[in-house]
Amino acid sequence: MKKIIGLVILYLLAFVLIVVGVFCGIRLYKEIKAESYVNGSIDISNRFSQESFNYSSTSVVFYHDLYDDTNTYSFEKDLLKVDDFDGQKKTYQVVLNDYVLLNTEINAGSVFATVNMDFYNIEGKIVNSATLKISVKFLSGKTQLTLATTGNENASFLEQYFTDNGIRLQIIEIL
Amino acid sequence: MKVLKTIGNCCLVFLCVISVCVIIAFVYYHYFVKDTTIGVNNINDQLAVDIKKDEDLTPEERNEFEERWFMEASYYSNAKNNGVQLQELKYNYFTGYNLTSDQYRSTGMQYMGDFETYMNEVNSDKEAQQRVLSEFYYYDTTNGITWSGFKGQYGSVATTLNREQQFIIKIDNRPFSIQLTGQYDVYGRLWGFLWNVKQGTVYFDYGDVFDCVFSAIKSNDHGYGDYYITLDLSQYFTIREYDTATKKFKADDVTDIIKNYAVLKFHYDENGARNSTQSLFGSIACNPSYDTSDEQIDTTYWQERMTYNLDSTSKLNGKEVFIYRYSEVYDGYFLSMSMDAKKLFADMPRAKVNITLDLDNPNLEHSIVGLDYDAFNGLEIDTLIIRGGTQTFYLLEKSLNDTQLRTLKRTRNITLDGMQNAINSEYAEVIL
């Protein structure tokens, strides 16, 4: 009886040994075959300057400074510096959402423009006339964009317009 | 029978010897051979494989398809104290392994304030796997619409951001899955003064990832703006490659060191969030009309018109908008619009043009006596204002034809001559 139990234990041990051997073999094979790898690549580059001014966004939100008594609502944004803007030697065209802006004031390192926009209701009557002042200052390390209007109502209508249409502001050099 | 038994025993002994050899070889190789393998997974853009290359896109398509990254964050820090502090993190992924645009889906989390993570007490591994943090608002984006369907971790119709969630992402135009699996053991001295023993396991949750991401954003040396950084997600996420033969996502359990890098695109703003349009999800606190303004204004409108107020000083690309022709007969100049300006306004059908002619303007180089033939023909004019002293203002043929002029305003002492042949539409005349 003891001999039979001893044999069973022996066979079980042999079985366990073989199973462990198989697993170790598979693992050994995997480890020997393993190679270093690289999946994919990352190709991003942060831009710190741009050749010409171009700003686009899906919306614009105006802020009103509580301590400001001029009722001015403004949107300010620091953008990438523009490498070669020179309002003294070059001619530029300012385009807002495919509208070419006239009467722009172009200085050595800045551009100012005024946009008048009328909003009509479904009867074709004007419900709001808003004036938007655009200021772009080309500084040595960045470009400052400011959009400003007066009054909450004008700001709200302009925000609605930019939410519906987005904003695409370009300053294009005329060659 | 005895022979068979002997052969069997011999085979068994042989297999055992082989097994022992293999085990020894494995132990030797595994513990004493110091070869190291490193695997790197770079998670780049998540644009679908059926999306056209950037140069083939129209400008409108480019706006829609230009950028899609696995992680996208936005932080309105409210440093100017003009809104609310808002942190948002969005994961863009696919719902299938074909990686086509119809399989786009995004899930994101939003926190109003500056989130700081904390250790979550859990009773079991399963609880840790299923836990969804209740401090956040969650949003899903499908088919271009963002919505919040999260009502708690059970019974939600939105994607729940917990450790059981596996997203399908694109690496090298191949499908991979990514899952939050990171955890670490906490050790302490037994009874406070004996040897170190394991006291528990901490499972990372999406709040930990969120906190780390915003720490990275806040510490960036360029400050406010829109930038890209590459995060090392190795401690948090496990990436599995899709095996097209077996159709399974396989874990890599052989490579010694696995690094997972992912691009994070972020917007860091010194303003506070004021309006839901500033959110990555178009909603703040699950409110798509969120606005901090006290006074809500009805901004419903049918159409907008860009108004151009032109006068003798108006310029287009540095050149005057109006051109002048001298007439010896009338001893003065007739005014008309330049072809460039006419072409410009023809290309902008929503432009509303108002023209003001101040005949007595001392800065005017030319003495204007009227409008030239076809001066504004075809240009849509809303209001024409003519100011000046006592004089006759001549309108030559078709000078205002097809202008759809609505209002003509003139000072009382100006007499218009030739109006009947100048315009072919009705208008209102106002004496200033």
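By convention in this document, chain letters (A, B, ...) are assigned in the order of the sequence lines, proteins followed by strands, and residues within each chain are numbered from 1.
Note that CD1 of B:Ile297 is 4.0 Å distant from CG of A:Asn152, once rounded to the nearest 0.5 Å. For the atom pair A:Gln160 CD and B:Glu304 CD, the distance stands at 11.0 Å (nearest 0.5 Å). Between A:Leu132 atom CG and B:Met306 atom CE the span is 8.5 Å, to the nearest 0.5 Å. Rounding to the nearest 0.5 angstrom, the gap separating the CZ atom in B:Arg350 from the CG atom in A:Asp98 is 11.5 Å. Interatomic distance, SG of B:Cys11 versus CD1 of A:Ile18, reported as 10.0 Å (0.5 Å rounding). How far NE2 of B:His30 is from CD1 of A:Ile32: 12.5 Å, rounded to the nearest 0.5 Å.
Among B:Val22, B:Ile23, B:Ile171, B:Ile239, the residue making the largest number of heavy-atom pairs under 4.5 Å with chain A is B:Ile23. Contact count against chain A (heavy-atom pairs under 4.5 Å) is highest for B:Arg305 among B:Lys170, B:Arg305, B:Lys315. Options B:Asp45, B:Asn173, B:Val33, B:Asp252 differ in how many heavy-atom pairs under 4.5 Å they form with chain A, and the most are formed by B:Asp252. By number of non-hydrogen pairs under 4.5 angstrom with chain A, the leading residue of B:Thr230, B:Asn271, B:Thr255 is B:Asn271. Note on B:Asn309, B:Asp256, B:Asn82: by heavy-atom pairs under 4.5 Å with chain A, the leading option is B:Asn82. The candidate from B:Asp172, B:Leu12, B:Val40 with the greatest count of non-hydrogen atom pairs under 4.5 Å with chain A is B:Val40.
With a 4.5 angstrom heavy-atom cutoff, A:Ile174 touches chain B only via side-chain atoms. With a 4.5 angstrom heavy-atom cutoff, A:Lys77 touches chain B only via side-chain atoms. Contacts between A:Asp78 and chain B at a heavy-atom distance below 4.5 Å are absent for every atom of the residue. Contacts of A:Asn128 with chain B are absent, with no heavy-atom separation under 4.5 Å from either backbone or side chain. Only the side chain of A:Asp164 comes within contact range of chain B, with at least one heavy atom under 4.5 Å from a heavy atom of that chain. Contacts of A:Asp118 with chain B are made by both backbone and side-chain atoms, with heavy-atom separations under 4.5 Å. Contact of A:Ser59 with chain B is made through the side chain alone, with heavy-atom distances under 4.5 Å. When heavy atoms are compared at a cutoff of 4.5 Å, A:Ser156 approaches chain B by way of both its backbone and its side chain. Neither the backbone nor the side chain of A:Glu123 comes within contact range of chain B; no heavy atoms are under 4.5 Å apart.
The two residues A:Val61 and B:Asn275 come nearest to each other via the heavy atoms CG2-CB, 3.8 Å. A pairwise comparison of heavy atoms in A:Gln93 and B:Leu316 identifies NE2-CD1, 4.2 Å as the closest pair. The minimum heavy-atom distance linking A:Val100 with B:Met348 is given by the pair N-SD, 3.4 Å. In terms of heavy atoms, B:Lys352 sits closest to A:Ile126 at NZ-CD1, 3.6 Å. Across all their heavy atoms, B:Asp298 and A:Phe157 have their closest contact at O-CZ, 3.6 Å.
Below 30°, between 30° and 60°, or above 60°: for B:Tyr301 and A:Phe119 the angle between ring planes is above 60°, a perpendicular geometry.
Counting heavy atoms from C-beta on, the side chains of B:Phe26 and A:Glu31 come closer than 4.5 Å.
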Task: Verdict with reasoning, B:Leu15 to A:Leu17, per side-chain contact (heavy atoms from CB on, under 4.5 Å) - done: CA-CA 9 Å; B:Leu15 285 174; A:Leu17 198 63; over 6 Å; no
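Side chains of A:Asn39 and B:Asn41: a donor on one and an acceptor on the other come within 3.5 Å.
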